[in-house]
Amino acid sequence: MRLAGWLGEQGPSDSTAKILPLDSAAADDGESKPFIEHLEDLRRTLFKIGAALFIGFNVCMVFANRILFFLEAPLSKVVPDSGNYLQSLNVTDSFVLWMKLAFYGGILLATPAIFYFLSDFILPALKREEKRLLMPTFLFGAFMFVAGAAACYYLMIPQTLRVFIKYSEWLKIKPQWTVTSYISFVTQFMLSMGVTLEIPLVILLLVQLGVISARTVARGRKLMITGAVILAAILAPPDPLSMLMMSMPLIAICEVTIWLSWLVEYRRRKRTT
């Protein structure tokens, strides 16, 4: 019931918004094309994205050892002999790890090109106001993703590894991890933090477009905090410490998002009056 009530509050935040005449609205709409041409544009866009991923994958195959060294750096900061902690137990582990590093690195390397191809496909169909917001949204979204992944890499992962090693020493267990499990832990943690920092951007964009109001966002504070905890439980590695370290920043981000939504709505109303 609470969720239904909160969703019921959603709607354009500016109740005094004027309805544009049909001619004005049509002039502000994006370019109109036949359905077949849209399919052809989509096919070309998907082909370009596939080519970018293929090139990124092959480039990262060459530099997979450097990517592995980069991902091992947080462990090297925690223990001096990090090489003794990582092992390969199966015959195919090294090959599978090589492919995983090239795959994830290729996606990251091809991301700018993917965004460019998607924006080139979407832009003709957008209205003038939406076009004006698209590029800043992409740039700020990329910044937020990198900021979240970097904070996880430099702050959260070393601290989490340090605590795990302390637990092992307290239990009189010698920590020896497989290299595949370690890389999965690090990449999953970094990607999760990067992706979750995109959620506030989506909310602020919806407020800017008038889809939801800042008051609606504020009313959903409890739901957002609950969602942050659930999201941390789903995306974080399966241990209580990682979930806690991921949920606390998300809760703080929820509060910042609420206050920023009020600021965005105030500036939007001031610009339209």
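The basis for the numbers below is simple: all heavy atoms, side chains too, and nothing from hydrogens, waters or symmetry mates.
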[X], [atom1]: over 12 other non-hydrogen atoms inside 6.0 angstrom:
X: W98; atom1: CH2; result: no
X: K166; atom1: NZ; result: no
X: M99; atom1: CE; result: yes

Determine whether [X] and [Y] fall in the same hydrophobic cluster, where Ile, Leu, Val, Met, Phe, Trp and Tyr are linked whenever their side-chain heavy atoms lie under 4.5 Å apart.
X: V62; Y: L109; answer: yes
X: I203; Y: L260; answer: yes
X: W259; Y: V256; answer: no

With the side chain counted from C-beta on, respond yes when [X] and [Y] share a heavy-atom pair under 4.5 Å apart, and no when they do not.
X: L71; Y: Y104; result: no
X: F145; Y: L191; result: yes
X: I225; Y: E255; result: yes
X: P74; Y: Y182; result: yes
X: T160; Y: F189; result: yes
X: V179; Y: L68; result: yes
X: I67; Y: C60; result: yes
X: T180; Y: V96; result: no

Can you give me the closest heavy-atom contact between [X] and [Y], atom names plus distance?
X: L53; Y: G106; answer: CD2-O, 4.4 Å
X: T216; Y: S213; answer: OG1-OG, 2.8 Å
X: L161; Y: V78; answer: CB-CG2, 4.3 Å
X: A110; Y: A52; answer: CB-O, 3.5 Å

Distance from [X] atom [atom1] to [Y] atom [atom2], nearest 0.5 Å?
X: M144; Y: M193; atom1: CE; atom2: CE; result: 9.5 Å
X: L97; Y: N90; atom1: CG; atom2: CG; result: 12.0 Å
X: I114; Y: T45; atom1: CD1; atom2: OG1; result: 12.0 Å
X: L263; Y: I258; atom1: CG; atom2: CD1; result: 14.0 Å
X: I183; Y: K100; atom1: CD1; atom2: NZ; result: 10.0 Å
X: S184; Y: W177; atom1: OG; atom2: CH2; result: 13.5 Å

Taking distance alone, no hydrogens or angles, what donor-acceptor pairs closer than 3.5 Å link side-chain atoms of residues 150-159 to residues at least two apart or in another chain?
{"unit_1": "Y153", "atom_1": "OH", "unit_2": "F70", "atom_2": "O", "d": "2.5"}
{"unit_1": "Q159", "atom_1": "OE1", "unit_2": "R162", "atom_2": "NH1", "d": "3.2"}

Next on the checklist: Quick test of your reading: applying ring pair (Phe, Tyr, Trp, His ring centres under 6.0 Å), list the pairs with at least one residue in residues 43-68, sequence neighbours left out, ordered by first then second residue.
Outcome noted: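 Non-adjacent pairs meeting ring pair (Phe, Tyr, Trp, His ring centres under 6.0 Å): zero.
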
Item to check | Flag, side chain of T92 to backbone of F95, donor-acceptor distance under 3.5 Å | outcome: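 Here the side-chain-to-backbone pair does not exist.
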
